[in-house]
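A short write-up of the structure that comes next.
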Amino acid sequence: MTKPLAIAIDGPAGAGKSTIARILAKELAFIYVDTGALYRTVGYCALTAGADPSRAEQVAPLLKDLQLELRYVDGVQRVFANGEDVSERIRTPEVSMAASAVSALPEVRAFLLQLQRDTAVSQNVIMDGRDIGTVVLPKAGLKVFLTASPEDRATRRYMELKEKGVATTFEEVLADMIKRDYDDSHREAAPLKPADDAILVDTTGNTLEQSVEVLKKLALEAIG
Ligand code: DC
């Protein structure tokens with residue numbers, strides 16, 4: 001059997017990683033792995049346990065009782081925490097901030113590392129996150145670092161949240177995003193940065209179709 005191919009897509013929030021990766025995975029018949037969902041689930045569990053998501057001594061003890069699982073239902077990723085499907089509950093602005101906070105904790109990153117790697121052992125994957133090309137899958141066949149201007153990214157995220165009926169404003173989303181990007185890029189543990197061999201793609205001003213096309217071309221070249 002030929003070795004499975006991994007495509008790593010990293011970049012800041014709202015650059016279009018998950019939307020593009022999802023479409024591309026469907027077209028190429030790859031499994032899409034959304035690693036942000038795992039950090040969100042840890043953040044969500046910290047909040048529900050009444051823990052401060054930025055404090056290792058409060059979050060780390062919760063991990064030993066946390067059974068995390070990714071399941072694929074009709075090709076769509078669902079996240080389960082101790083058997084409970086939390087896929088929708090982890091998409092609130094509050095959980096976004098908690099996810100960013102717990103993601104700075106080395107204990108949390110170590111806890112999630114093997115689970116992420118395991119998904120790429122026996123199948124072709126497109127995995128998105130912040131450290132996929134640098135830490136999780138350093139030997140990925142293709143690494144893309146996807147960015148866009150903060151305003152472009154906040155607009156996309158604001159539209160997504162509005163569609164889901166989440167009460168927020170554009171200014172709030174932009175401020176949260178700028179803070180999260182700063183924190184994600186300046187933490188000590190696996191900060192957000194392009195891998196040396198990543199291809200930089202800026203989606204500012206692109207339609208979704210244009211961005212998908214750019215990545216599809218790169219993916220097809222990597223598949224050979
Ligand atoms: O991609 P997202 O917005 O769902 O990610 C939520 C948070 O999780 C994000 O602020 C940073 C963190 N994260 C990370 O540190 N490493 C990853 N591979 C994925 C997400």
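Whatever order the structure lists them in is the order used to number ligands and atoms, beginning at 1.
- Ser96 approaches Arg40 most closely through the heavy-atom pair OG-NH1, 3.1 Å.
- Taking every heavy atom of both residues into account, Leu62 and Ala51 meet most closely at CD1-CB, 4.0 Å.
- Here the shortest heavy-atom pairing between Thr119 and Gln123 reads O-NE2, 2.9 Å.
- Selection from Met127, Lys17, Arg109 by nearest heavy atom to atom 15 (O) of ligand 1 gives Arg109.
- Where the criterion is an N or O separation shorter than 3.5 Å, residue side chain and backbone included, Asp34 fails it with respect to ligand 1.
- At a cut-off of 3.5 Å, with distance as the only test, a side-chain donor of Thr203 or Arg156 sits close to an acceptor on the other residue.
- When only non-hydrogen protein atoms are considered, atom 19 (C) of ligand 1 lies nearest to Thr35 OG1, 3.4 Å.
- Within ligand 1, the atoms closer than 4.0 Å to a non-hydrogen atom of Ala99 are 6 (C), 7 (C), numbered from 1 in the order shown.
- In terms of protein heavy-atom proximity, atom 14 (C) of ligand 1 is closest to Arg130 CG, 3.4 Å.
- Side-chain contact of Ser18 with Asp34: a donor-acceptor pair under 3.5 Å is absent, judged by distance alone.
- Protein heavy atom in closest approach to atom 8 (O) of ligand 1: Tyr39 CB, 3.4 Å.
- Looking from atom 4 (O) of ligand 1 to the surrounding protein, the closest heavy atom is Arg40 NE, 2.6 Å.
- With values rounded to the nearest 0.5 angstrom, Thr92 atom OG1 is found 5.5 Å from Glu94 atom CD.
- The line from CD1 of Ile126 to CD of Glu27 is 9.5 Å long, rounded to the nearest 0.5 Å.
- Atoms CD1 and CG, on Ile23 and Leu208 in that order, are 4.0 Å from each other to the nearest 0.5 Å.
- Closest to atom 18 (N) of ligand 1 by heavy atom, among Leu113, Asp131, Asp128, is Asp131.
- Residue-to-ligand polar distances keep Ser96 apart from ligand 1: every N/O pair is separated by 3.5 Å or more.
- The distance from ligand 1 to the heavy atoms of Ser100 drops below 4.0 Å at these ligand atoms: 10 (O).
- Close approach to Ser103 involves these atoms of ligand 1, each under 4.0 Å from a residue heavy atom: 11 (C), 12 (C), 15 (O).
- Here the shortest heavy-atom pairing between Ala195 and Lys143 reads CB-CD, 3.8 Å.
- Nearest non-hydrogen protein atom to atom 10 (O) of ligand 1 is Arg180 NH1, 2.7 Å.
- A distance of 10.5 Å separates CG of Asp181 from OG1 of Thr147, quoted to the nearest 0.5 Å.
- Among all non-hydrogen protein atoms, the one lying nearest atom 11 (C) of ligand 1 is Asp184 OD2, 3.4 Å.
- Annotation: Gln116 places no N or O atom under 3.5 Å from an N or O atom of ligand 1; distance criterion only.
- In summary, the atoms of ligand 1 found under 4.0 Å from a heavy atom of Arg187, numbered by their order in the structure, are 14 (C), 15 (O).
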